[in-house]
Amino acid sequence: MKGSDATLLSFQLLDVSYEMRGSTPVIILWGRGADGSRVVVFYGEFRPYFYVLPDGSVGLDQLAAMIRRLSRPSSPILSVERVRRRFIGREVEALKVTTLVPASVREYREAVRRLGGVRDVLEADIPFALRFIIDFNLYPMRWYVAEVREVAVPHGYSVDRAYTLSGDIREDETRIQEDPLKGLRVMAFDIEVYSKMRTPDPKKDPVIMIGLQQAGGEIEILEAEDRSDKKVIAGFVERVKSIDPDVIVGYNQNRFDWPYLVERARVLGVKLAVGRRSVEPQPGLYGHYSVSGRLNVDLLDFAEELHEVKVKTLEEVADYLGVVKIGERVTLEWWQIGEYWDDPSKREILRKYLRDDVRSTMGLAEKFLPFGAELSQVSGLPLDQVMAASVGFRLEWRLIREAAKLGELVPNRVERSEGRYAGAIVLRPKPGVHEDIAVLDFASMYPNIMVKYNVGPDTLVRPGEEYGEEEVYTAPEVGHKFRKSPPGFFKKILERFLSWRRQIRSEMKKHPPDSPEYKLLDERQKAIKLLANASYGYMGWPHARWYCRECAEAVTAWGRSIIRTAIRKAGELGLEVIYGDTDSLFVKNDPEKVERLIRFVEEELGFDIKVDKVYRRVFFTEAKKRYVGLTVDGKIDVVGFEAVRGDWSELAKETQFKVAEIVLKTGSVDEAVDYVRNIIEKLRRGQVDMRKLVIWKTLTRPPSMYEARQPHVTAALLMERAGIKVEPGAKIGYVVTKGSGPLYTRAKPYFMASKEEVDVEYYVDKQVVPAALRILQYFGVTEKRLKGGGRQSTLLDFMRRGK
DNA sequence: TATAGGCATACGACTCAGTGCAT
DNA sequence: CTGCACTGAGTCGTATGCCT
């Protein structure tokens with residue numbers, strides 16, 4: 001009988017979860033069939049487990065018996081097996097404890113820890129659904145062929161077909177090159193909530209509009225009748241069900257839209273059953289909201305990695321990426337929504353605004369999702385969690401998978417308070433303008449050091465271990481030693497990443513750069529690079545499971561030694577080094593000598609180095625990590641200076657950029673001075689838009705938790721007093737107003753201040769002039785010359801200022 | 001539910017010497 | 001002459017955000 005009606009199902013794995021049937025957990029694989037059907041595959045045989053590492057004081061069998069005695073009927077301990085594994089590279093014998101109810105693992109962990117003879121309990125904190133895809137080696141977004149039996153779609157599930165897994169499941173190798181997003185239904189949405197100058201409260205403020213769009217379809221808008229929004233929310237639930245999206249995208253919906261809708265629906269007595277199972281969205285891992293059977297992707301998580309955009313509103317991000325230009329859309333501030341709703345003549349503008357937001361959201365999805373899908377199938381985290389997770393966790397989930405494959409037990413996360421260690425070298429720049437400079441860059445220096453010297457927690461020679469000098473690599477300065485063989489955990493993984501990436505990059509060459517194939521492969525190689533580059537920082541992260549301070553310390557020590565050697569060689573070649581930071585060197589662009597240096601680094605040091613860019617001119621002050629360059633194609637690169645910082649006013653940044661551009665392109669300091677003087681004049685005449693005077697700073701903690709008084713904290717307190725919630729992580733925009741007290745007493749949220757209140761002289765003295773002077777000072781320009789009334793400073797100026 | 005360290009910069013808080021003024 | 005408030009220079013700590 002068994003297997004008689006089994007069939008092969010080809011499906012793409014989208015998400016994984018589990019449900020309890022009685023006291024038995026059943027894994028749910030959410031997927032899409034090759035025929036376009038939406039499917040679930042159930043698997044009821046998988047059981048939660050964890051490992052017990054003995055300390056040797058009690059016999060293993062005796063310990064096993066002690067553990068068995070902890071069994072409780074609500075979730076019996078099903079088995080305790082002796083297993084051979086490795087832990088940080090060393091062979092260990094451990095006990096694998098299997099139980100029934102996933103939620104009981106946590107309690108068993110505590111109970112087992114209290115037993116004598118236990119060194120540690122491991123892998124008890126891996127979520128059950130993830131545990132399943134790790135053990136079965138399944139990666140989200142990839143295609144699989146599974147031996148299944150069709151079953152009736154259970155009540156409450158909205159899928160086309162349901163199956164149970166009855167045999168093998170393996171990756172469909174023929175679809176590896178396929179676009180994982182092709183054929184997936186994507187839906188964008190955005191909500192507008194009634195509010196007037198204060199944070200809306202779901203207990204009373206209605207959701208007045210919801211906009212949504214299926215990819216390729218029309219934007220739809222659901223509207224409340226006056227202040228009654230029950231039908232809007234119910235209508236939204238219906239539309240989601242009928243569109244039946246695989247992916248739901250929004251902007252900041254994990255922190256705003258979903259919590260608000262969930263709470264509002266509760267108040268109104270509407271069931272927010274937008275998932276493929278009749279449950280409402282639930283807070284999940286990494287502050288993300290989980291919509292059952294669908295991938296809920298918050299595009300703000302992607303935007304967080306766009307460091308060029310400082311204030312990450314949907315408008316700004318969409319503008320930056322060219323999705324929807326700010327000049328071609330309706331822009332409203334959140335506090336105007338109520339006003340535009342109440343005024344019938346303005347309501348159409350509000351509709352247009354919402355349409356523009358939905359359009360922007362869908363546009364961002366097109367830009368971001370391809371990378372998200374690749375990162376998902378490289379890291380092994382479902383698409384809706386992978387971008388919500390931090391860099392460290394993305395890598396860690398992939399490490400956990402590799403550990404499972406290698407029979408390595410996963411270390412626990414432990415609290416540590418470790419001191420700092422030495423990092424990279426930054427050279428003191430040679431101040432001034434330099435002509436024709438080549439920037440040499442080491443390719444993935446830290447990952448390559450880890451591979452070359454077999455760096456990792458498992459290869460690190462610990463106190464008491466003895467190896468001959470020939471058997472180990474010894475890090476310079478710090479002296480940490482690493483066994484040359486066998487290849488360690490990190491080396492194996494990084495080598496796989498590096499060769500995988502090499503292979504993808506050679507595959508890319510077969511396709512034209514604007515082809516979909518090329519783009520897909522490019523996103524994939526970027527995802528791999530991201531994880532590889534995170535590995536050094538990960539080892540130095542005290543929260544990391546594979547934390548290894550000595551390893552991180554050794555990597556930077558090798559890095560310092562390598563770049564020092566390269567600098568010495570440059571000197572020997574007569575190649576002038578202008579500047580360098582970590583893994584880069586700025587040298588005179590003497591192609592022959594540069595070529596010899598590159599060959600030396602490759603052949604003698606065994607590292608890849610290449611000319612990353614050439615500057616026609618580059619300018620340094622005395623400061624490290626700051627320079628301005630003019631590239632061969634006429635582009636101005638500003639690095640480190642105020643012009644690229646988010647916590648300076650737009651006016652100061654713009655002025656500094658212009659100054660840099662004039663100086664580098666024309667070499668005329670006088671012209672730059674004139675430019676600045678003109679800006680100051682305009683500012684004093686009130687001809688500068690107030691938006692260019694707003695200063696943005698991140699609130700890193702609740703306002704009351706600050707030790708030092710600061711303008712943006714003052715502004716945040718004023719917002720709170722007005723009923724506007726401010727949370728850590730929020731960017732506070734303020735302007736400085738006139739008055740006599742310290743700066744922090746004169747800051748106001750920009751939307752609470754009038755143009756007349758603004759202290760123009762603050763912006764002259766503390767924004768425009770310092771920003772301009774940062775560059776012009778080097779050429780002998782003084783503050784007086786920038787601020788003075790006439791062409792040159794007059795005697796009158798001199799006397800007025802005294803001194 | 002924080003990848004790392006190195007660095008520049010602004011501003012508040014504080015110390016301390018010098019100064020002016022009332023007593 | 002003493003005592004005290006005030007001022008400016010200098011130093012240190014806090015805070016933010018950049019670079020690689």
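Below, read A as the first sequence line, B as the second, and so on, with proteins coming before strands; counting in each chain starts at 1.
Closest approach to the A:Glu707 side chain among C:dA15, C:dG17, B:dA4 is made by C:dA15 (side chain taken as heavy atoms from C-beta onward). In this structure, of B:dA10, C:dT16, B:dA2, it is B:dA10 that holds the atom nearest to the side chain of A:Pro770. Which of C:dC19, B:dA8, B:dA4 sits closest to the side chain of A:Val644 comes down to C:dC19. Across B:dT1, C:dG17, B:dC11, the shortest atom-to-atom separation from the side chain of A:Tyr286 is found for B:dT1. Here the side chain of A:Trp541 is nearest to one of B:dC7, B:dA2, B:dG12, namely B:dA2. You'll find that the side chain of A:Asp583 is closest to C:dT20, out of C:dT16, B:dA2, C:dT20. With C:dA15, B:dC11, C:dC19 as the candidates, the nucleotide lying closest to the side chain of A:Leu743 is B:dC11. In this structure, of B:dA4, C:dT14, B:dT1, it is C:dT14 that holds the atom nearest to the side chain of A:Ala708. You'll find that the side chain of A:Ala623 is closest to B:dA8, out of C:dG17, B:dA8, C:dC18. Of the candidates C:dG17, B:dG5, C:dT20, C:dT20 carries the atom nearest the A:Val639 side chain, counting heavy atoms from C-beta on.
Residue contacts for A:Tyr762: at a heavy-atom cut-off of 4.0 Å it reaches the sugar-phosphate backbone alone, with no base atom in range. Residue-level contact check: A:Pro711 touches neither bases nor backbone, having no heavy atom under 4.0 Å from any strand. Within the 4.0 angstrom heavy-atom criterion, no nucleotide atom of any strand lies near A:Thr556. Within the 4.0 angstrom heavy-atom criterion, only backbone atoms of the sugar-phosphate kind lie near A:His712; the bases stay farther away. Among the heavy atoms of the strands, none lies under 4.0 Å from A:Arg428. Residue contacts shown for A:Tyr744 are limited to sugar-phosphate atoms, with no base heavy atom under 4.0 Å away. Nucleic acid contact for A:Gly423: sugar-phosphate only, since backbone atoms but no base atoms lie under 4.0 Å from a heavy atom of the residue. A:Arg549 comes within contact range of no nucleotide atom at all, as no heavy-atom separation falls under 4.0 Å. Using a 4.0 Å heavy-atom cutoff across all strands shown, A:Tyr706 reaches sugar-phosphate atoms only and no base atom. Residue contacts for A:Arg626: at a heavy-atom cut-off of 4.0 Å it reaches the sugar-phosphate backbone alone, with no base atom in range. Base engagement by A:Arg645 is indicated by at least one non-hydrogen atom pair under 4.0 Å involving a base atom. Across all strands shown, A:Ala422 has heavy atoms under 4.0 Å from sugar-phosphate atoms exclusively, and none from any base. Using a 4.0 Å heavy-atom criterion, one finds that A:Ala424 contacts the sugar-phosphate atoms exclusively.
Checked by atom type and distance alone, the side chain of A:Thr737 pairs as donor or acceptor with a backbone atom of A:Arg746 at under 3.5 Å. Under the 3.5 Å distance criterion, the side-chain polar atoms of A:Asn448 are matched with a main-chain donor or acceptor of A:Ala443.
Taking 4.0 Å as the cut-off between side-chain N and carboxylate O, A:Glu477 and A:Arg564 count as a salt-bridged pair. Under 4.0 Å is where a charged nitrogen must lie from a carboxylate oxygen, and between A:Lys613 and A:Asp441 no such pair does. Ion pair A:Lys312/A:Glu305 not flagged as a salt bridge, since none of the NZ, NE, NH1 or NH2 atoms sits closer than 4.0 Å to an Asp/Glu carboxylate oxygen. A salt bridge does not link A:Glu402 with A:Lys492: none of the charged nitrogens is closer than 4.0 Å to a carboxylate oxygen. Salt-bridge check for A:Glu523 with A:Lys526: passed, with a basic side-chain N closer than 4.0 Å to an acidic carboxylate O.
Atom OH of A:Tyr734 is separated from atom P of B:dA10 by 12 Å (rounded to the nearest Å). Rounded to whole Å, atom C1' of C:dT20 lies 6 Å from atom NZ of A:Lys625. To the nearest angstrom, P of C:dC18 lies 16 Å from CG of A:Asp637. C:dT16 atom P lies 13 Å from atom CE of A:Met705, rounded to whole Å. Between the CD atom of A:Glu308 and the P atom of C:dG17 there is a distance of 16 Å, rounded to whole Å. One can place OH of A:Tyr627 at 14 Å from C1' of B:dC7, the figure rounded to the nearest angstrom. Distance A:Trp648 CH2 to B:dA8 P: 15 Å, rounded to the nearest Å. To the nearest angstrom, C1' of B:dA8 lies 13 Å from CD of A:Glu622.
In this model, the phosphate group of C:dC18 is approached by a side-chain N or O of A:Lys310 to a distance below 4.0 Å at OP1 or OP2. Between A:Arg709 and the phosphate of B:dA13, there is a side-chain N or O to OP1/OP2 separation shorter than 4.0 Å. Neither OP1 nor OP2 of B:dG5 sits under 4.0 Å from any side-chain N or O of A:Thr582. Phosphate proximity of B:dG5 to A:Arg560: absent, as no side-chain N or O sits under 4.0 Å from OP1 or OP2. Residue A:Lys731 places at least one side-chain N or O under 4.0 Å from the OP1 or OP2 atom of C:dG17. A:Arg774 has a side-chain polar atom (N or O) that falls below the 4.0 Å cut-off from OP1 or OP2 of B:dA10.
When the C1' atom is used for both B:dT19 and C:dC1, the distance is 16 Å, rounded to whole Å.
More than 12 heavy atoms of other residues, nucleotides or ligands lie within 6.0 Å of CZ in A:Arg413, so this atom counts as buried by the packing criterion.
Each of A:Asn412, A:Ile400, A:Val410 was evaluated against A:Glu123; a single residue qualifies, A:Val410, per the side chain to side chain contact (heavy atoms under 4.5 Å, CB included) test.
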remark   = Per-residue pairing states of DNA chain C in dot-bracket (Watson-Crick or G-U under 3.5 Å; . unpaired, | other strand) read .|||||||||||||||||||
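A donor-acceptor contact under 3.5 angstrom links the side chains of A:Asn296 and A:Trp258, judged on distance only. Judged purely by distance below 3.5 Å, without hydrogens or angles, the side chains of A:Tyr289 and A:Gln253 never pair a donor atom with an acceptor atom.
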task = Step by step, work out the side chain to side chain contact (heavy atoms under 4.5 Å, CB included) result for A:Leu306 and A:Phe368.
result = CA-CA 11 Å; A:Leu306 281 183; A:Phe368 287 144; 4.1 Å; yes
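The stretch residues 386-395 of chain A has no heavy atom under 4.0 angstrom from DNA chain C at all.
Ring planes of A:Tyr627 and A:Tyr615: perpendicular class, angle over 60° (limits at 30 and 60°).
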